[in-house]
Amino acid sequence: MTDLPAGEHGSASGLIQTMQVGVPLGIAVLVAVYETVDGTRVQSLAGAFTGALVLSLLMLATALTVFRTRRRPCI
Amino acid sequence: MVTAGMTLLVYGVVRAAVSGWGDRLVVAALTAAVVLLALFVAAEARARQPIMSLGLLRDRNRAGACIMRLLLTAAMSGMMFFLTLYVQGVLGYGPLETGLAYLPTTLTVIAANRAVPGLLLRVGPMKVMVAGSVLAIIGMAWLTQISATSTYVSTILGPVLLFGAGHGLVSGWRRRRWP
């Protein structure tokens with residue numbers, strides 16, 4: 001984080017903490033998928049993992065969309 | 001605002017699974033969540049000393065890395081939650097065995113994370129992020145094949161190793177200290 005403007009390091013820390021909202025959000029989304037799947041418990045678990053697979057696909061889509069340059073990350 | 005907004009968002013999503021998306025309480029919770037989170041962003045934009053400076057997100061690579069980190073955290077925490085239910089409820093593992101079952105994941109996260117600084121310099125952020133995402137996708141796709149007759153070695157070890165390596169690559173962007 002050495003190339004951040006003065007005073008921005010605290011904000012960067014807040015930013016990283018903010019991303020931790022993914023924890024409750026991810027569990028909530030997968031619980032929603034789990035509850036929606038009409039089958040045995042193991043089939044519902046597989047359904048929940050499919051939800052996580054979709055999140056991973058969104059990750060790949062973000063990587064392909066955003067990182068077009070060879071610029072260095074700033075954090 | 002952000003805590004209340006996130007609480008209502010999570011409550012709305014979880015309740016929607018049981019009561020349906022048209023349920024009045026679900027709609028009210030999700031609407032209130034959107035309003036509160038929008039108010040949080042507006043307050044942060046005006047604050048002299050914000051908790052999270054929105055200016056940090058103007059950099060394209062940094063904003064993209066943050067989105068990926070959010071998605072990664074969501075996928076991984078959800079996966080760990082349900083995988084724990086599986087290994088304890090179906091495979092009959094105890095708490096200690098469950099913890100040990102996840103240990104290989106930690107090792108691949110560390111190994112991949114340590115490789116990131118060198119990879120970033122050699123191939124740039126895009127290829128590192130794409131490789132990490134693809135590893136996570138393969139691992140998660142493998143995990144969707146789980147069944148009541150699966151074993152730890154046949155269906156869990158491989159996916160968690162792959163997802164751990166993907167996690168290490170995607171989250172390694174904030175480990176590098178640039179000169």
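The parts of B:Met68 that come within reach of chain A are both its backbone and its side chain, each placing non-hydrogen atoms under 4.5 angstrom from that chain. Neither the backbone nor the side chain of B:Tyr11 comes within contact range of chain A; no heavy atom of the residue lies under 4.5 Å from a heavy atom of that chain. Contacts between B:Phe81 and chain A at a heavy-atom distance below 4.5 Å involve the side chain alone, from C-beta outward. Contacts between B:Leu72 and chain A at a heavy-atom distance below 4.5 Å involve backbone atoms as well as side-chain atoms. For B:Val90, the part lying near chain A is the side chain, with the backbone staying farther off; criterion is any non-hydrogen pair under 4.5 Å.
Here the closest non-hydrogen pair linking B:Ala32 and B:Leu8 is CB-CD1, 3.7 Å. Across all non-hydrogen atoms, the minimal contact from B:Met80 to B:Tyr102 is O-OH, 3.4 Å.
Counting heavy-atom pairs under 4.5 Å between each of B:Ile137, B:Ile146, B:Val14 and chain A puts B:Ile137 at the top. Interface summary for chain B: among A:Thr36, A:Thr40, A:Leu45, A:Leu25, the most heavy-atom pairs under 4.5 angstrom belong to A:Leu45. The greatest number of non-hydrogen atom pairs below 4.5 Å with chain A, out of B:Val18, B:Leu83, B:Val134, B:Leu85, is found for B:Leu83.
For the pair B:Ser19 (side chain) and B:Ala16 (backbone), a donor-acceptor distance under 3.5 Å is absent. The closest donor-acceptor contact from the side chain of B:Ser154 to the backbone of B:Ser150 lies at 3.5 Å or more, if one exists at all. Under the 3.5 Å distance criterion, the side-chain polar atoms of B:Tyr86 are matched with a main-chain donor or acceptor of B:Ser147.
In this structure, A:Val31 and B:Phe82 have side chains that are in contact, with non-hydrogen atoms separated by less than 4.5 Å.
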